[in-house]
Number of protein chains: 2
Amino acid sequence: MAQVRPMRADARRNYERLLKVAAEAFAEHGEGASLDDIAKRAGVGSGTLYRHFPTRHALLEAAYLDRIEAIAARADELAAELPPGEALGEWLYELGAGMVRMRGLRALLGPAVTQTGSTVATACGDSVKSAAGRLVRAAQEEGTLRRDVEPVDVLRLAHGVSTAAELADGEGEHIRRYLTLLTEGLRP
Amino acid sequence: MAQVRPMRADARRNYERLLKVAAEAFAEHGEGASLDDIAKRAGVGSGTLYRHFPTRHALLEAAYLDRIEAIAARADELAAELPPGEALGEWLYELGAGMVRMRGLRALLGPAVTQTGSTVATACGDSVKSAAGRLVRAAQEEGTLRRDVEPVDVLRLAHGVSTAAELADGEGEHIRRYLTLLTEGLRP
DNA sequence: CACGAACCGGAGCCCCTCTCCGCACCTTAT
DNA sequence: ATAAGGTGCGGAGAGGGGCTCCGGTTCGTG
C-alpha cells in the first residue's frame, strides 16, 4: 500500500492541502461539492486533484479516513467505560452527530457500511462495521439489545436517524431524541 | 388558481406528457434526473419545459401531486378499516414503500413535510402532514402511541426508515422490518 | 551541476442547466 | 371558411462543472 518510493516533496504538500480543503468543502456542501473549486482553493490545478484522486469517491474517502478511524477507535473507548447497552447508545449518538455535522461523511458511510455484498467494500467501511459488530454483540450478551438485529441493521438505522434529524435542521438535540425513540420504541 | 382562460390544446398536451415522463424519470434517477432529457423524451424543447415548470422543484411537485393526494386519502381509508395503531403502522409502511419505489418522492416529501417553519410550505406537504396528524392523534387516544411525539416526528422517522431500507436495496421487506423495530424498540 | 523522472496546471471537450426570441400554431370573430 | 391576433413552441447559445491530456516545470540524485 505505502509507496515503495516516498512521494516527492511538492506532491506530498499538494496531497495534504487537498485533503484539508476537501474535508471542509464536503462538510459544508455535502457529497456534491465542486471539485474544481476544491482544487482552486487548495491552490493547485484540477489535473493535480484528479491524479491524486481519480474519482470523487476516492477523495471523499481519503478526506474522512482519519475521522472514520477515530470513530471506530471511539467504540473501544466507550466499551471500556460504560455498560454495553449504554456504550452502543452513546457511540451511535456520536456517529449520528458526526454525520450531521460533516455532511459528506454520511454520503460516504452510507453505502460503504451498509451494503452487504458490496463489490467496492472499502477499508474504512470495514473498520466501522467491525466496531459496530463488537458493540452489538456485547449488548446482546448483556440482554439490552434484541437478538434479531445484525450490526448492519443498526448502522442502517443510525444512518436513517441521522437523516431524520437533519430534516429537523437541529444539531445534537434531535439526534438524541430520535435515537431514544428508536431504542425504546414508539409504543408507550 | 385555475387559469381564467383554458390552456391552449397543444399546451395542455405538452404539459401532460411532461408530467408523465417526469414521474418516470424522477422515479428512476431520483431528484437529479436530467431535465433536458425529460424534455427530449416528452418530444418538446427545453424551453417548453422551463415555461411550464420554472424550477426543478416545481416539476417534481407537479409530477407527484396525484400520488401524494392518494397517499393522504389512503390515511382515511385505513383509519376506517383498522384500529388506530394498526392504521398508522400500515400507512407508514405504504408511505415508506412509495418513497423507495419512487425515489424522487422522498426528495420531495422530505423537506416539504418535515420542516416546521418552512417558508416554502407546499400544499402537498400540508395534506400529508394533516393526514399524519389525524392518524397520530387517534393512535395516541387509543394508547398505542407515545404521547410525546408529534406528527412531524413520525414523518421524519418514516423518512429515515425509508432511507435505511433503501441502503439495504431491498424492496418492501426491509421497510416492514425496520418499521417494526422502530415501533417496538431495539430493546428485547 | 546536470540529467531524467516525477509532477504540475490549465486549456479544452463534453454534458447539463436555463434564457431568449423569431416563428408556428391555435383560437376566435367575422 | 378565413384572416387576425396572440399564445405557446423550440432550439441555439451562454454559463458552469466534471474530467482528460500533454507541454513545461520542479525535484531528487549521481
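So that the names make sense, note that chain A is the first sequence line, chain B the second, and so on, each numbered from 1. Note that the coordinates shown come from a computational prediction; the quantities given were computed from them, not determined experimentally.
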Problem set entry | All side-chain hydrogen bond (donor to acceptor under 3.5 Å, both in side chains) counterparts of B:E184, not counting sequence neighbours | A:R146
Problem set entry | Pairs satisfying ring-ring contact (aromatic ring centres under 6.0 Å, His included), at least one member in residues 11-45 of chain A, at least two apart | A:Y15-A:H52, A:Y15-A:F53
Problem set entry | Euclidean distance, atom CD of residue A:E16 to atom C1' of C:dC8 [Å, nearest integer] | 17 Å
For this session: List in numerical order all residues of residues 17-24 of chain A for which some heavy atom is under 4.0 Å away from an atom belonging to DNA chain D.
Result: none
For this session: Summarise protein proximity over nucleotides 25-30 of chain C in one line of letters, 5' to 3': B for base, S for sugar-phosphate only, - for none, counting protein heavy atoms closer than 4.0 Å.
Result: BSS---
Problem set entry | Contact list for residues 84-94 of chain B, test salt bridge (Lys or Arg N to Asp or Glu O under 4.0 Å), sequence neighbours left out | B:R74-B:E94, B:E90-B:R176
Exercise. Over how many whole Å does the gap from A:K40 atom NZ to D:dC19 atom C1' extend?
Worked result: 14 Å
Exercise. Do any side-chain nitrogens or oxygens of A:N14 fall under 4.0 Å of OP1 or OP2 in C:dC7?
Worked result: no
For this session: Check whether any side-chain N or O of A:H52 sits under 4.0 Å from OP1 or OP2 of C:dC8, and answer yes or no.
Result: yes
Exercise. A:L49 CG to D:dT20 P: how many Å, rounded?
Worked result: 11 Å
Can you tabulate the close N/O pairs, meaning under 3.5 Å, that link protein atoms to atoms of nucleotides 11-20 of chain C?
| unit_1 | atom_1 | unit_2 | atom_2 | d |
| --- | --- | --- | --- | --- |
| C:dT17 | OP1 | B:L35 | N | 3.3 |
| C:dT17 | OP1 | B:R56 | NH2 | 2.7 |
| C:dT17 | OP2 | B:S34 | OG | 3.4 |
| C:dT17 | OP2 | B:L35 | N | 3.0 |
| C:dT17 | OP2 | B:D36 | N | 3.4 |

Exercise. How long is the span from the CH2 atom in A:W91 to the CG atom in A:D76, to the nearest 0.5 Å?
Worked result: 10.0 Å
Exercise. After noting the C-alpha distance and the side-chain angles of B:H174 and A:R156, does the key distance pass the side-chain contact (heavy atoms from CB on, under 4.5 Å) rule?
Worked result: CA-CA 11 Å; B:H174 281 277; A:R156 284 191 198 123; 3.9 Å; yes
